[in-house]
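Structure first, commentary second.
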Amino acid sequence: VTDAPTTIPETTDPLERTWGSAPGLPGWLTAVNHKQIGARFVVTAFVFLLLGGLAAILVRTQLQVPESDFLGPATYNQVFTMHGTTMMFLFAVPMLEGLAMYFVPLMIGARDLPFPRLNAFGYWAYLFGGLLIYSSIFTGSVPDGGWYAYTPLSGPAFAPGTSLDFWLLGVTFLEISGIVGAIELIVVILRHRAPGMSMERIPLFVWSALIMSVMIIFAFTAVLTATVLLELERKVGAPFFDRAGGGNPLLWQHLFWIFGHPEVYIMLIPATGIVSSIVATHARRPVFGYAWVVVALVAIAVLSFGLWVHHMFTVGIPMLALSFFGVSSILIAIPSGVQVFAWLATLWQGRPRWNTPLLFVGGFLVIFTLGGVTGVMVASPPFDWQVHDSHFVVAHFHYVLLGGVVFPIFGGLHHWFPKMVGRQPREGPGKVAFWLMFVGFNVAFFPLHQLGFLGMPRRFYTYQAGLGWDWLNLVSTLGTHVMSLGILVFTVNLVHAWVRGPAAKADPWGGDTLEWLAPSPAPVYNFREIPVVASREPMWEPMSTGAGGEVEVLMRDLATPVEDRREQPITSAVEGRLEGVTALAGPSWWPLFAALANGALLLGILNDVYVLAAAGLAGTVVSIVGWLRPPDREGSGGDG
Amino acid sequence: MAELHVGSELPDRLDRMAGRRSSAWWGALWGAVVVVAVLGYLVYSYFYLYVTAPEGAWPPPGVDRPPLALPAAAALAAAVSAVPLRWVNRGWDDRDPVGLRRGILATAALGVVVLAVAGAAAAAFDVGDVTAYRSIVWVLHAYAALLTVVGIVMAGVAAYQATTFESPSWVWSTGAVFEVWWATVVLSWFAVLAVTAVWPQLV
């Protein structure tokens, strides 16, 4: 076993030789480059989106007509659990972290993330966590406790067997992946920006990635704690959530929603970062009120940790707490509104080109605003008591999450596809996909508001005829199919572009940020010469490329690596002042081995095969020690 | 900026970015935030279970209040174990691998003492039947012990690196990372003392 790369491709370009991976499968398995890992996150998350979407179609098909026996109650529980789990844990956050891993280094003028091996480990942990949850299908133990796994229903008394253990251990794996990705992003943004990129010159998408990452640190640790405690209750009988043993099932709800509500903004904040990128580029002017947008992002992040109890308004909360959490839930509409008005002002003052990405942003603005309005409604405890656990809430959170997160992601994928693949997707099919998705979404989810008012509860597998719910459910299901068709057209358009699309220019949209400085697709080292930044929109302002200036000379010298060292500048956290150069780690087998050993550990625990668990633990320790082995010579390895 | 010439003086440049200015140290700092956040949620869980305990009984009926002396000794040992970190700090600050190694090994040795005292404290602590109280107390102790064991393993790796000295900048950064980690170890034992031993005396 070695942590050294296998054969680096033959090339005369020293930068490519230094930053490249070995060819073939070994090179693929040992790759650590941020673009490769980021793209894997994006593609894997997209596959999970399709799987989660398939589960959604099954749910809507079951509810299409009254008294349907298409799925049956047990299977229905499993399908809606897998739908929620997939969308929340396997699609949205990994997709957004993947986009951030791919584009943040490009946007800030870095060559790679600071801990490339940790990044690779994060991907393998994500993949294995997802596969672990989905492998439950083959053992007949599909989780059925909802994406929230409320106790006591998820405890040993009401959920015997291993279905919830698949969920708990898989989610634990996914949280670890999310946390290591967050640390990567925080450190690269704070310490590896291009010289001259001070805090007030950071692109809004990068700000959003930084804030998302800090939120992940504090939110994912809550659910990590909760899943470990519940697994201990299930495996060794520690009664944290069992009233008979002195525990409290509501402790689970608190820990889960301390994670769960910030989770909404963990998804929404980077999605708004994508929106800002698209709006600035396609409206051809900087985002209006940059400083206010940054303040709004920070305010949303802070407030989002103070309103988790609004998910628990019906469990018996003191009036003072109800008032506090109701007010804080309403307050968050203010910074959200600041962002919406900033984008509208940008569009108003700009010269918008309504390409596919901007259409998705337009859809986002409409849908997300409607979801925000219903959010203010359910933030009021008396109103919430009436619609709690009804389809009104299903409509609300799909307007927020699908409109607020999925539409920007789709816009972002179309926007950045040329940079990722080097091919230009077609506009016609992109616009058709948008309209199918926009119309299909509203047809699918708007009727759910009315169904909620009519009293249709969520999580029920069927309903009686004659309650006035029939036609609304039928319309909703039809809308789901229209939206699915839109996703299919979108996917086919990108796949077609990947295979046969025309070559993309370096800057096909006329963007303002540094990723458009690199060729399309970006080379493995990102920039031949690290740019020196002199403004907030470096692509729209004269670049500082004069011969003078010691920093520029140094950055130009980095184009010629010494002894194949993966050199990257380190800059000060606030001013973006050059402080020195560091060497990053190269390809390695250890991240894959560490994730496999972790997987063995979790599988051993899951199946009560403690020999396997012990072997997994030992393998994890060995992998980490090997991973941290000093490089063979000074500077050839660097931080993990 | 003159000392940052690329090429011939590269090892010096890398060395300059070791220690607290390295990416590894910044990564360790945020790793420590993760560890402390988990500790915080465990403490939150402890107090939530305390506040909502059946009939307000905490510890549960039949369980004595936890002893104070041995947990205090464990926390004190943890505090003392941080003293050699001064050598670690001076070691990577002065680029002295011998001092660095001595500090790391002394810290780890005292870490073993911490585990021994904490083990004795846990053995002397009759937490009664399987209850939420007993479970959360044990989880808090186990978490602090786990952090300590990881710190000791980390010390072994770092001390080995400081011995072979294959990569100076790597060694300095590892020393700085170890400092951050051990700070979380000390913090966790004090949290265990405050929450599981001191607090029940006050209520």
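All of these numbers come straight from a predicted model, not from anything done at the bench.
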For A/Leu558 and A/Leu15, what are the C-alpha separation, side-chain angles and deciding distance, and is it a side chain to side chain contact (heavy atoms under 4.5 Å, CB included)? CA-CA 9 Å; A/Leu558 286 179; A/Leu15 268 176; over 6 Å; no
Selection from B/Thr131, B/Val177, B/Val157, B/Val153 maximising heavy-atom pairs under 4.5 Å formed with chain A: B/Thr131
Residue B/Val139 versus chain A: region with a heavy atom under 4.5 Å: side chain
Select, from B/Gly27, B/Ala53, B/Pro60, the one with the greatest count of heavy-atom pairs under 4.5 Å involving chain A. B/Gly27
Going by the side chain to side chain donor-acceptor pair (under 3.5 Å) test, name the single residue among A/Gln253, A/His254, A/His261 that passes it with A/Trp308. A/His254
Just so I understand: if I count every heavy-atom pair under 4.5 Å between each of A/Ala573, A/Ala238, A/Pro561 and chain B, which residue has the most? A/Ala238
Measure B/Pro54 against the heavy atoms of chain A and call it side chain, backbone, both or neither at under 4.5 Å. both
Pairwise ring pair (Phe, Tyr, Trp, His ring centres under 6.0 Å) hits with a residue in residues 101-139 of chain B, at least two apart: B/Trp58-B/Tyr133
Chain B interface, residue from A/Pro239, A/Gly246, A/Ala244 that has the most non-hydrogen pairs under 4.5 Å: A/Pro239
Winner by heavy-atom pair count (cut-off under 4.5 Å) against chain B, out of A/Ile216, A/Val228, A/Val187, A/Ile179: A/Val187
Check whether any side-chain heavy atom of A/Val214 sits under 4.5 Å from a side-chain heavy atom of A/Phe218, and report yes or no. yes
Where at least one partner belongs to residues 210-226 of chain A, residue pairs that pass side chain to side chain donor-acceptor pair (under 3.5 Å), sequence neighbours excluded: none
Suppose a student defines contact as a heavy atom less than 4.5 Å from any heavy atom of chain A. Which residues in residues 31-49 of chain B would they list? B/Gly31, B/Val33, B/Val34, B/Ala37, B/Val38, B/Tyr41, B/Leu42, B/Tyr44, B/Ser45, B/Tyr48, B/Leu49
Backbone N/O of A/Tyr525 and side chain of A/Arg111: donor-acceptor pair under 3.5 Å: yes
Backbone N/O of A/Thr571 and side chain of A/His192: donor-acceptor pair under 3.5 Å: no
Of all of A/Leu224, A/Asp242, A/Leu232, A/Ile258, which one pairs up most often with chain B through heavy atoms under 4.5 Å apart? A/Ile258
At a heavy-atom separation under 4.5 Å, does A/Ile186 approach chain B through its side chain, its backbone, both, or neither? side chain
Between B/Thr174 (side chain only) and B/Ala158 (backbone N and O only), is there a donor and an acceptor less than 3.5 Å apart? no
I'd like to check the side chain to side chain donor-acceptor pair (under 3.5 Å) partners of B/Ser188; sequence neighbours left out, ordered by chain and number. none
Among A/Leu190, A/Val180, A/Leu250, which residue forms the greatest number of heavy-atom pairs with chain B at distances under 4.5 Å? A/Leu250
With respect to chain B, which residue among A/Ala226, A/Gly237, A/Ala222 yields the maximal number of heavy-atom pairs within a distance under 4.5 Å? A/Ala222
Please confirm whether the backbone N or O of A/Phe115 pairs with a side-chain atom of A/Asn119, one donor and one acceptor, at under 3.5 Å? no
Under the side-chain contact (heavy atoms from CB on, under 4.5 Å) test against B/Val88, which residue among B/Arg102, B/Glu179, B/Arg101 passes? B/Glu179
